[in-house]
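Just so it is clear: chains get the letters A, B, ... in the order the sequence lines come, proteins before strands, and each one is counted from 1.
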Amino acid sequence: MLNILKSTAAALIGAGLGLYATWSALERDAGFEIVQVGPWRSTPKAAFAAADPYTRAALARNAQVPLSPGEGLMFTADIDETGAPLLTRCDYILTSPIPAARFWTLTPMTSRGALAPTGNDRTGLTSAEIVRDSMGRFEIVASAQLRPGNWLALPTEPGFMLALRLYDTPASSLASSMSVGQLPRLRRGRCI
Amino acid sequence: MSDRTLGWFIYLLAVLVVAGLVHIVTILALPHVATRDSYARLATIAQTNRFTPLPSPVPGAELLPMQDPAVVRGVCRYDVNNGPVRVRAEIAGLDGLLTLSFHDRRGASFYATTDRGGVRGRIDVVLLTRIQLEALEALDAEDEPPQELRLLAPTREGFVLTGSLALDPGDFDAARGRLSSISCAQENLRRQ
């Protein structure tokens with residue numbers, strides 16, 4: 001009798017632990033094929049059926065449809081280049097280079113990856129809107145306050161995330177071999 | 001080691017084994033049991049074998065998470081059970097980015113292209129089953145290669161997610177216009 005009780009308890013505790021492990025893996029976006037380049041992170045193979053089981057499970061749960069390499073490549077960042085979390089009370093300076101792409105867009109999101117109201121109707125910047133110098137270099141200032149030049153309006157809540165999407169880019173197949181110098185720098189400026 | 005410690009050790013082992021099994025099974029099963037995955041969400045607004053423009057993502061009301069707000073989206077939810085489905089985009093003279101990504105029932109991508117991938121001014125893809133492909137090939141004229149790209153659908157139902165990039169806030173109407181060049185319809189095999 002005691003043995004049956006003990007076995008049942010072991011099974012229940014085991015099941016609970018297993019479910020907890022699944023839940024926490026999905027919450028943390030665990031996956032085997034994450035590419036981290038400086039502050040930028042990408043899962044270039046997430047779109048495919050051959051993606052690892054953790055990635056597939058997470059996508060089934062959150063209903064995300066990642067960009068296919070044939071369309072483009074997405075990088076996200078929730079930290080700056082020193083590894084500190086991105087905060088909307090600070091300014092961030094994003095400087096070229098950006099990998100070769102026919103078009104790119106830069107979009108701020110909440111720290112959970114949702115679209116965030118920014119206080120105006122701008123939801124991000126595209127490669128066509130950027131003012132560049134004579135060498136083709138550019139600087140984008142991400143700030144919750146209006147800034148001159150290339151200004152990316154940030155959401156109002158404390159933390160945020162950036163998504164850099166490259167469209168029609170040879171970088172799709174090279175994502176895993178990218179180095180820090182090929183992606184934009186993300187420096188923290190003044191904070192309130 | 002006393003019998004008592006050995007007993008506890010066996011139960012601990014049992015807990016870990018059960019936890020591991022539950023974790024692996026739930027991760028692998030999730031894509032098959034998820035009821036709110038990308039296909040299910042698209043099915044709430046899109047009819048089968050018909051092109052449906054998607055509403056623009058607004059903060060707090062995103063049909064699919066992590067979509068680029070600068071991209072106007074449309075979807076073709078395909079079902080090849082009753083015949084092949086043709087997806088076509090007229091891209092001659094089109095100025096701007098148009099993307100098409102083909103996904104199976106689980107949301108995994110099996111093909112993707114952009115307007116750069118068009119041939120003779122159009123993207124012309126026919127989704128079909130193996131049996132339909134054989135029937136179609138039997139009808140092909142021998143001296144004339146097929147003009148379209150024939151793709152075996154990995155699952156009988158799935159979706160084609162299309163996108164058109166608005167380069168700045170004033171470009172959204174034009175982006176919607178580019179999207180209207182896309183059509184999606186079931187083919188009648190016998191009339192071919």
Count the heavy-atom pairs under 4.5 Å between each of [options] and chain B, then report the option with the highest count.
| options | answer |
| --- | --- |
| A:Ala63, A:Ala60, A:Gly70 | A:Ala63 |
| A:Met109, A:Gln64, A:Arg61 | A:Gln64 |
| A:Ala46, A:Ala25, A:Pro53 | A:Pro53 |

[X]-[Y] co-clustered via ILVMFWY side chain contacts under 4.5 Å:
| X | Y | result |
| --- | --- | --- |
| A:Val35 | A:Val180 | yes |
| A:Met178 | A:Trp40 | yes |
| B:Val80 | B:Phe159 | no |
| B:Leu63 | B:Val160 | no |
| B:Leu149 | B:Leu98 | yes |

### Query
What distance do B:Asp171 atom CG and A:Thr126 atom OG1 have between them, rounded to the nearest 0.5 Å?
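The CG atom of B:Asp171 sits 8.5 Å away from the OG1 atom of A:Thr126.
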### Task
Quick one: list whatever passes side-chain hydrogen bond (donor to acceptor under 3.5 Å, both in side chains) with B:Arg156, sequence neighbours left out.
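Residues passing side-chain hydrogen bond (donor to acceptor under 3.5 Å, both in side chains) with B:Arg156: B:Asn81.
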### Counterpart residues, side-chain hydrogen bond (donor to acceptor under 3.5 Å, both in side chains), relative to B:Arg41 (two or more places apart)
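Not a single residue meets the side-chain hydrogen bond (donor to acceptor under 3.5 Å, both in side chains) criterion with B:Arg41.
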### Part of B:Val71 lying under 4.5 Å from any heavy atom of chain A
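Just the side chain, heavy atoms under 4.5 Å.
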### Message
Quick check on B:Ala29 against chain A: is it the side chain, the backbone, both or neither that has a heavy atom closer than 4.5 Å?
### Response
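Neither; nothing under 4.5 Å.
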Of all the heavy-atom pairs spanning [X] and [Y], show the shortest one and how long it is.
| X | Y | value |
| --- | --- | --- |
| A:Val65 | B:Ser38 | CG2-CB, 3.5 Å |
| A:Ala57 | B:Ile27 | CB-O, 3.6 Å |
| B:Pro59 | A:Ala116 | CG-C, 3.8 Å |
| B:His103 | A:Ser68 | CE1-OG, 4.2 Å |
| A:Leu115 | B:Glu62 | N-OE2, 2.9 Å |
| B:Val22 | A:Leu19 | CG1-N, 3.8 Å |

Does atom [atom1] ([X]) have a neighbourhood of more than 12 heavy atoms from anything else shown, all under 6.0 Å?
| X | atom1 | value |
| --- | --- | --- |
| A:Arg132 | CZ | yes |
| A:Ile4 | CD1 | no |
| A:Asp133 | CG | yes |

State, with a plain yes or no, whether a side-chain heavy atom of [X] is found less than 4.5 Å away from one of [Y].
| X | Y | result |
| --- | --- | --- |
| B:Pro169 | A:Glu129 | yes |
| A:Glu71 | B:Leu97 | no |
| A:Thr76 | B:Met66 | yes |
| A:Leu67 | B:Asp68 | no |
| B:Tyr11 | A:Asn3 | yes |

### Query
Among B:Asp104, B:Leu167, B:Leu16, which residue forms the greatest number of heavy-atom pairs with chain A at distances under 4.5 Å?
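Greatest number of close heavy-atom pairs with chain A: B:Leu167.
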#### Entry: Option in B:Ala61, B:Gly20, B:Ser101, B:Gly60 with maximal non-hydrogen atom pairs under 4.5 Å from chain A
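Result: the option with the highest number of such pairs is B:Ser101.
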Check each atom of [X] against the heavy atoms of chain B and say whether the ones under 4.5 Å are side chain, backbone, both or neither.
| X | answer |
| --- | --- |
| A:Arg56 | both |
| A:Ala49 | both |
| A:Leu59 | neither |

### Query
What residues of residues 111-126 of chain B sit under 4.5 Å from chain A when you count only heavy atoms?
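So the qualifying residues are B:Ala112, B:Thr113, B:Thr114, B:Asp115, B:Arg116.
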### Task
Could you pull out all residues at least two apart from B:Phe51 that satisfy ring-ring contact (aromatic ring centres under 6.0 Å, His included)?
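If we apply the ring-ring contact (aromatic ring centres under 6.0 Å, His included) test to B:Phe51, skipping adjacent residues, there are no hits.
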